> 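I'd like to ask you about the structure that follows.
Keep in mind the model is a prediction, meaning the values are calculated, not measured. These values consider heavy atoms only, across backbone and side chains, with no hydrogens, waters or symmetry-generated copies. Residue numbers run from 1 in the order of the sequence given.
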Amino acid sequence: MIDQNLDYLANLLCRNRRQGLTSDIPFDLLRSEDDAWAVQSAAISAFANDAVGYALIGTCPAIRGSLGLASPIYCPIPVGTVLQDSHGPFRLPQGFIGAQCEIVFTIGGPLGADHWPITRDQFCKAILSYQPAIGLVGRRGHLTGQPHLAAIADYAFHVSTIVDRYHEPTGLDAMDRIDMRASINNVPVFQSASGEGLVDPINSALWLVNDLIARSNYLSAGDIVATGSIIPMLLQILPGQELKVELSGVGDAAASFL
């Protein structure tokens, strides 16, 4: 159980997420990270009956700096917020911050159930499949209080994860050498050759798994991990635009927006 003020925050966040709204929310009631995680947990429970994995944000220092985050943060991904890119166009909600170019890993077995830290090799062996994805990032509340605490409570800014079809992992070492191109309305906005300037998605996911273990949690078989942006920026999308992400050896993801 959480106290009445924190439960009030959680219900406001849930209401706004359901309605795609942003409003004044008294985040200054949050006194600690424990408060922020408690509000996030209550808001998730109020919003959806179950979750399908976790979404990360702030794995890149530049993005953390722009959002006032002290460290990467994450949130369970509610059922119904993982969308196929062929089902667009997608409506941008109020409070939209930007889009993440990311990779989604599906886990083939439990990770961390024994509470021992996971190595990179162990994580790679547990990957069942992967998908290129576009993560939508947004606020449900106008910023008050400490930005880091507000972001944790506000579903870690997760809105939805738009995925391409899955790909079985072949040669995950290729993740270190991805050629990547992001374009808006066919105009390139970011390009990388051989992984230069990209955030390592496996390291991001590994950080998440070990942070979950430190909090006495773990990943179950079938869970997904949305790695957060693999490029050092959130992309600004407007209604009427299309974002396409192309990753060599991984695939493409594209979405148009209203």
> Quick check: does any side chain N or O of Arg17 sit under 3.5 Å from a backbone N or O of Val159, one acting as donor and the other as acceptor?
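Flag set: sc Arg17 to bb Val159 pair under 3.5 Å.
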> Take a 6.0 Å sphere around CZ of Arg91 and say whether it holds more than 12 heavy atoms from other residues, nucleotides or ligands.
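Result for CZ/Arg91: open.
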> Please check: side-chain N/O of Thr227 versus main-chain N/O of Pro201, any donor-acceptor pairing under 3.5 Å?
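No; zero donor-acceptor contacts below 3.5 Å.
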> Could you tell me the separation between the CD1 atom of Ile134 and the CG atom of Leu83, rounded to the nearest 0.5 Å?
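If we round to the nearest 0.5 Å, Ile134:CD1 and Leu83:CG are 11.0 Å apart.
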> Please find the pair of heavy atoms, one from Pro232 and one from Gly197, that lie closest to each other, and give the distance.
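Looking at all heavy atoms of both residues, the closest pair is CD-O, 3.6 Å.
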> Mind checking who shares a hydrophobic cluster with Val187, ILVMFWY linked at side-chain heavy-atom distances under 4.5 Å?
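Members other than Val187 - counting any ILVMFWY side chain reachable under 4.5 Å - there are none.
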> Look at the side-chain heavy atoms of Ile, Leu, Val, Met, Phe, Trp and Tyr, link any pair under 4.5 Å apart, and say whether Ile73 and Trp207 land in one connected group.
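Ile73 and Trp207: one cluster.
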> Can you see which heavy atom on Ser23 is nearest to which on Asn16, and at what distance?
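Answer, listing the atom of Ser23 first, then Asn16: OG-ND2, 2.8 Å.
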> Would you give me the side-chain donor-acceptor pairs under 3.5 Å for residues 44-63, sequence neighbours excluded?
residue : atom : partner : partner atom : Å
Ser45   : OG   : Ser41   : O            : 3.1
Tyr54   : OH   : Asn217  : ND2          : 3.3

> Determine, stepwise, if the pair Val189 / Ser183 fulfils side chain to side chain contact (heavy atoms under 4.5 Å, CB included).
CA-CA 5 Å; Val189 292; Ser183 59; 5.6 Å; no
> Let's go through Leu6 and Leu30 carefully: what are the C-alpha distance in whole Å and the side-chain angles of both, what is the deciding distance for side chain to side chain contact (heavy atoms under 4.5 Å, CB included) to 0.1 Å, and is it a yes or a no?
CA-CA 8 Å; Leu6 299 186; Leu30 300 170; 4.0 Å; yes
> When you measure from the side chain of Asp164 to the backbone of Ala254, do you find a donor-acceptor pair of N or O atoms at a distance under 3.5 Å?
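Answer holds: no.
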> Output yes when a side-chain donor or acceptor of Gln241 lies under 3.5 Å from a complementary backbone atom of Ile184, and no otherwise.
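Judged by distance alone, no pair lies under 3.5 Å.
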> Taking a hydrophobic cluster as the set of Ile, Leu, Val, Met, Phe, Trp and Tyr residues connected by side-chain heavy atoms closer than 4.5 Å, whether directly or through intermediates, do Phe257 and Val245 fall within one such cluster?
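In one cluster with Phe257: Val245, yes.
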> Nearest 0.5 angstrom please: Leu92 CG to Leu258 CG, how far?
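Interatomic distance, Leu92 CG to Leu258 CG, rounded to 0.5 Å: 8.0 Å.
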> Could you pull out the closest heavy-atom pair between Cys101 and Ala182, with the gap in Å?
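So the two residues come closest at SG-CB, 4.1 Å.
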> Taking atom OH of Tyr8 as the centre, does the number of heavy atoms from other residues, nucleotides or ligands within less than 6.0 Å exceed 12?
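It does not: Tyr8 OH has 12 such atoms or fewer within range.
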> Looking at Ser229 and Met233, what are the two nearest heavy atoms and their distance?
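That closest heavy-atom pairing would be OG-O, 3.3 Å.
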> Going by the angle between their ring planes, with limits at 30° and 60°, are Phe105 and Phe123 parallel, tilted or perpendicular?
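Ring orientation, 0 to 90° scale: perpendicular.
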> Same cluster for Val104 and Leu235 if Ile/Leu/Val/Met/Phe/Trp/Tyr side chains link at under 4.5 Å?
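The answer is no; the residues belong to distinct hydrophobic clusters.
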> Would you give the length of the straight line joining atom CZ of Arg120 to atom CG of Asn203, rounded to the nearest 0.5 angstrom?
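Between Arg120 CZ and Asn203 CG, I get 4.5 Å after rounding to 0.5 Å.
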> Nearest 0.5 angstrom please: Ile230 CD1 to Ser204 OG, how far?
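Reported value, rounded in 0.5 Å steps: 9.5 Å.
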> Can any side-chain N or O of Tyr155 pair as donor or acceptor with the backbone N or O of Ala43 at less than 3.5 Å?
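Yes, Tyr155 side chain to Ala43 backbone: donor-acceptor pair under 3.5 Å.
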> By the definition side-chain contact (heavy atoms from CB on, under 4.5 Å), identify the one residue from Thr106, Thr161, Ile103 that meets it with Gln131.
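When side-chain contact (heavy atoms from CB on, under 4.5 Å) is applied between Gln131 and each of Thr106, Thr161, Ile103, only Thr106 qualifies.
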> According to ring pair (Phe, Tyr, Trp, His ring centres under 6.0 Å), does anything in residues 19-41 pair up with another residue at least two apart or in another chain? List the pairs.
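Sorted result for residues 19-41: Trp37-Tyr74.
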> Kindly say whether Arg31 contributes a backbone atom to a donor-acceptor pair with the side chain of Asp35 at under 3.5 angstrom?
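Yes, the answer is positive, given that a donor and an acceptor are paired below the 3.5 Å cut-off.
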> Closest approach of Val39 and Ala153, non-hydrogen atoms and distance?
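So the minimum-distance heavy-atom pair works out to CG1-CB, 3.8 Å.
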> Determine which pairs satisfy salt bridge (Lys or Arg N to Asp or Glu O under 4.0 Å) with at least one residue from residues 142-161, sequence neighbours left out, and list them in order.
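Sorted pair list: Arg140-Asp154.
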> Just checking, any donor-acceptor pair under 3.5 angstrom between side chains of Arg64 and His148?
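No - no donor-acceptor pair under 3.5 Å links their side chains.
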> Is there a side-chain contact between Pro78 and His158 (heavy atoms, below 4.5 Å)?
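Of all side-chain heavy-atom pairs linking His158 with Pro78, at least one is under 4.5 Å.
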> Let me confirm one number: the SG-CG distance from Cys14 to Leu12, rounded to the nearest 0.5 Å.
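Here the rounded value is 10.0 Å.
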> Provide the closest heavy-atom pair for Ala99 versus Leu136 in the form atom of the first, atom of the second, distance.
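Residues Ala99 and Leu136, closest heavy atoms: CB-CD2, 4.3 Å.
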> Measure from the side-chain N and O atoms of Asp179 to the backbone N and O of Ser194, and report whether any donor-acceptor pair falls under 3.5 Å.
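Indeed, once roles are kept as given, a pair shorter than 3.5 Å links the two residues.
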> Cluster question for you: counting only ILVMFWY and a side-chain heavy-atom cut-off of under 4.5 Å, with indirect links fine, are Ile202 and Ile231 together?
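Ile202 and Ile231: one cluster.
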> For the pair Gln236 (side chain) and Ile97 (backbone), establish whether a donor and an acceptor sit closer than 3.5 Å, ignoring hydrogens and angles.
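Confirmed, Gln236 side chain pairs with Ile97 backbone.
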> Within this structure, what is the CD1-OG1 distance for the pair Ile25 and Thr144, rounded to the nearest 0.5 Å?
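Reported to 0.5 Å precision, the distance equals 8.5 Å.
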> Checking one residue: Trp116. Which other hydrophobic residues are in its cluster under the side-chain 4.5 Å linking rule?
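Grouped by the 4.5 Å side-chain rule, Trp116 forms a cluster of one, so the answer is none.
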> With a 3.5 Å distance limit and no angle check, can you tell me whether Glu102 reaches the backbone of Gly228 through a side-chain donor-acceptor pair?
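A pair under 3.5 Å: yes.
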> Determine whether a donor-acceptor pair (N or O, by modelled atom type, separation under 3.5 Å) exists between the side chain of Ser220 and the backbone of Asp223.
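Between the backbone of Asp223 and the side chain of Ser220 there is no qualifying donor-acceptor contact (under 3.5 Å).
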> Under a single-linkage definition using a 4.5 Å side-chain heavy-atom cutoff for Ile, Leu, Val, Met, Phe, Trp and Tyr, are Leu247 and Ile224 assigned to the same hydrophobic cluster?
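The answer is no; the residues belong to distinct hydrophobic clusters.
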> List the residues meeting side chain to side chain contact (heavy atoms under 4.5 Å, CB included) with Ser192, not counting sequence neighbours, and say none if there are none.
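Expected list: Met180, Phe190, Glu196, Leu198.
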